[in-house]
Amino acid sequence: MLQISYIRENKEKVLAALAKRNMDATTIVEEVIQLDENRRSTQVALDNTLAEANKLSTAIGEMMKNGEKAKAEILKQKTSQLKETSKELSEKLDSYANELLQKMYLLPNTPADLVPHGKSADDNLNVFQEGEVPVLHEGALPHWDLIKKYDIIDFELGTKITAPGFPVYKGKGAKLQRALISYFLDKNTEAGYQEFQVPHMVNEASAYGTGQLPDKEGQMYHDAKDDLYLIPTAEVPVTNIYRDVILQEKDLPILATGYTPCFRREAGSWGAHVRGLNRLHQFDKVEIVRIEHPDKSYEALDGMVEHVKTLLQELKLPYRILRLCGGDMGFASAMTYDFEVFSTAQDRWLEISSVSNFETYQANRLKLRFKGKDGKTQLAHTLNGSSLALPRVLAGIIENYQTPEGIVIPEVLRPYTGFDIIN
């Protein structure tokens, strides 16, 4: 979340930045500032009351030592009153602090200066495009028909076992999926990211830490009995490794990667744009996470973008990069680049990665800090990106690499699959 000190000292700047998200935050920002003032004044009153009580306790001790019992009894009555007052002030302070925290959770991150104004995906800025769109043979099919033709992914079987949106990968389809996961992890570790295998469920503190709660609770599968959430992305458990941690500046940067299945309840309605692999309730994704010094986080963001570019270049898929406008950015992000692959058979762009800098927004929730060379402790910057999300990459490969003879496997994946065509 945003830092209250920053909001207090930069109110107009915060309001202008949130306006990029098409949000009039005047009322909630005023409420936050007022609650913070109430909290601070209550804290001062509590501190003064406790200090006075301690002073009287010392005086009572001296009086008892000197045999001045009557005077001591009078002061004891005052001490008792002060204890009651301090209890009331402490309860009031807790109430203000909790109310302030709940209000703070409602404020999204402030977009960076380079984030364009805009209301929707139509206003995103295309900053890079590369790759030739293949010319497909006559009678080319979308991937949802190809997977049936070659019997490599079965949606009906997934519906039988679980529900719609939970496909079963079969034969060469399963092996191609595994090949992509191994390839992405190998490329990430070669680039310096340490691999982690993490739990696929997280507790409430972890979900709050990275900003999934309270913003996205309707999108997450929740086990009410144990109060655990199925993860929507590996970002959540991997970033939470460093919750409540104070690093040393020499420890930075930290680069982590991990593969997990991902679970999202609200995966969209059924229709032409969400058919097949385009939108699922369960899907596989390889994630990269970075913890950076604030002075170097945007340089790191550029590096992450370049890294994802190399994956798509090696897969030889036509792609573009969009800088998201304020109205299309995620709740916790300060700046996001989306990667989209062109699906020739569907004649549309498919989002396959988001790479984001959260600046101190997640770190403030996580209490993720580092001690600088000057000995002062400050919040780190967190970043993450899909590297990559598999379903739409797989859809792009199946569609763009189709031939009359079958689906050709990208050359870079053949050492992982052990075959070069699905036919």
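Small disclaimer: the values here were computed from a predicted structure and weren't measured.
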Step-by-step salt bridge (Lys or Arg N to Asp or Glu O under 4.0 Å) determination, E30 to K11: CA-CA 9 Å; E30 291 285 3; K11 175 185 163 185; 2.4 Å; yes

Determine the interplanar angle of the Y183 and Y416 rings, folded into 0 to 90°, and report it as parallel if under 30°, tilted if 30 to 60°, perpendicular if over 60°. perpendicular

Would you give the length of the straight line joining atom CD of E130 to atom OH of Y319, rounded to the nearest 0.5 angstrom? 3.5 Å

Under the criterion side chain to side chain donor-acceptor pair (under 3.5 Å), I'd like the reasoning laid out for N203 against S206: C-alpha separation, chi angles, the key distance, then a yes or no. CA-CA 5 Å; N203 55 32; S206 293; 3.0 Å; yes

For the atom pair CG (L114) and CG (N357), what is the distance rounded to the nearest 0.5 Å? 11.5 Å

When you measure from the side chain of N364 to the backbone N and O of T360, does any donor-acceptor pair fall under 3.5 Å? no

When you measure from the side chain of H281 to the backbone N and O of R264, does any donor-acceptor pair fall under 3.5 Å? yes

Just checking, is any N or O donor in the side chain of D338 or S354 under 3.5 Å from an acceptor N or O on the other one? yes

I'd like to know if the side chain of Q34 pairs up with that of N38 as donor and acceptor (distance under 3.5 Å, no hydrogens or angles considered). yes

Any donor-acceptor pair under 3.5 Å from D420 side chain to E411 backbone: no

For a side chain to side chain contact (heavy atoms under 4.5 Å, CB included) check, start with the C-alpha distance between Y169 and L394, then their side-chain angles and the critical distance, and finish with the verdict. CA-CA 11 Å; Y169 297 80; L394 193 60; 3.7 Å; yes

Do we get K172 above F419's six-membered ring, with its NZ or CZ under 6.0 Å from the centre and within 45° of the axis? yes

What closest approach, in Å, do P214 and Y208 show between heavy atoms, and which atom pair accounts for it? CD-CE2, 3.7 Å

Treating S90 as the side-chain partner and S86 as the backbone partner, does any N or O pair qualify as donor plus acceptor under 3.5 Å? no

Check against side chain to side chain donor-acceptor pair (under 3.5 Å), D284 and Q177: CA-CA 9 Å; D284 291 319; Q177 179 88 338; 2.8 Å; yes

Within 45° cone of F128 ring axis and under 6.0 Å: K309 NZ or CZ: yes

Where is the tightest heavy-atom contact between S386 and V308, given as atom of each residue plus distance? O-CG2, 3.8 Å

Carboxylate-amine/guanidinium proximity below 4.0 Å for K148 and E156: yes

Considering all heavy atoms, the nearest P237-P199 contact: CG-O, 3.7 Å

Does the pair Q212 and T210 meet the rule for a side chain to side chain donor-acceptor pair (under 3.5 Å), with working shown? CA-CA 6 Å; Q212 273 63 43; T210 44; 2.5 Å; yes

How about D113: does its CG atom have over 12 heavy atoms from other parts shown lying under 6.0 Å from it? no

Give, for atom OG of S41 and atom CG of L46, the distance between the pair rounded to the nearest 0.5 Å. 11.5 Å

Quick one, V286 and N188 - any side-chain contact, counting heavy atoms below 4.5 Å? yes

Heavy-atom closest pair, residues C325 and S120: SG-O, 3.2 Å

Does the side chain of F184 reach to within under 4.5 Å of the side chain of K187, using non-hydrogen atoms? no

Within the distance-only criterion (no hydrogens, no angle test), does the side chain of D36 pair as donor or acceptor with the backbone N or O of V32 below 3.5 angstrom? no

Closest heavy-atom contact between V305 and F339? O-CZ, 3.4 Å

Flag, side chain of R39 to backbone of A97, donor-acceptor distance under 3.5 Å: no

Can you confirm whether E9 is buried at CD, in the sense that more than 12 heavy atoms of other residues, nucleotides or ligands lie under 6.0 Å from that atom? yes

Minimum side-chain heavy-atom gap V14-L107 below 4.5 Å: no

Keeping the roles fixed (side chain from T189, backbone from Q194), state whether a donor-acceptor pair exists under 3.5 Å. no

Between V202 and N240, does a side chain to side chain contact (heavy atoms under 4.5 Å, CB included) hold up when you go through it step by step? CA-CA 9 Å; V202 293; N240 270 278; 5.9 Å; no

With the side chain counted from C-beta on, respond yes when K250 and K373 share a heavy-atom pair under 4.5 Å apart, and no when they do not. no

Audit row: R392, E340, side chain to side chain contact (heavy atoms under 4.5 Å, CB included) steps and yes/no: CA-CA 9 Å; R392 293 178 182 177; E340 296 182 336; over 6 Å; no

Nearest heavy atoms of Q282 and P167, plus distance in Å: O-CD, 4.2 Å

L315 vs L413 side-chain heavy atoms within contact, under 4.5 Å: yes

Please work out whether the ring planes of W349 and F342 are parallel, tilted or perpendicular, with thresholds of 30° and 60°. perpendicular

Distance (rounded to the nearest 0.5 Å) between M104 CE and L35 CG: 10.5 Å

Does a side-chain heavy-atom distance below 4.5 Å link L277 with L350? no

Look only at the side chain of K103 and the backbone of I33, and say whether a donor-acceptor pair between them is shorter than 3.5 Å. no

Side chains of Q346 and N278: does their closest heavy-atom pair fall under 4.5 Å? yes

Between the side chain of N384 and the main-chain N/O of V289, is any donor-acceptor distance below 3.5 Å? no

Does NZ belonging to K216 count more than 12 external heavy atoms closer than 6.0 Å? yes

If you round to the nearest 0.5 Å, how far is CG of L368 from CG of L247? 6.0 Å

Applying side chain to side chain contact (heavy atoms under 4.5 Å, CB included) to V198 and T260, what does each step give before you reach the verdict? CA-CA 8 Å; V198 290; T260 63; 3.7 Å; yes

Tell me, yes or no, whether the heavy-atom count around E190 atom CD, taken from other residues, nucleotides or ligands under 6.0 Å, exceeds 12. yes

Test item: R265 and L230 side chains (from C-beta on) under 4.5 Å apart, heavy atoms: no

Side chain to side chain donor-acceptor pair (under 3.5 Å) for Y298 and E359? Distances and angles first, verdict last. CA-CA 9 Å; Y298 278 93; E359 296 186 357; 2.5 Å; yes

Could you tell me whether the side chain of T336 and the main chain of S356 form a donor-acceptor pair under 3.5 Å? no

Is atom CD of E314 surrounded by more than 12 heavy atoms (other residues, nucleotides or ligands) closer than 6.0 Å? yes

From L125 CG over to L322 CG, what is the distance, rounded to the nearest 0.5 angstrom? 8.0 Å

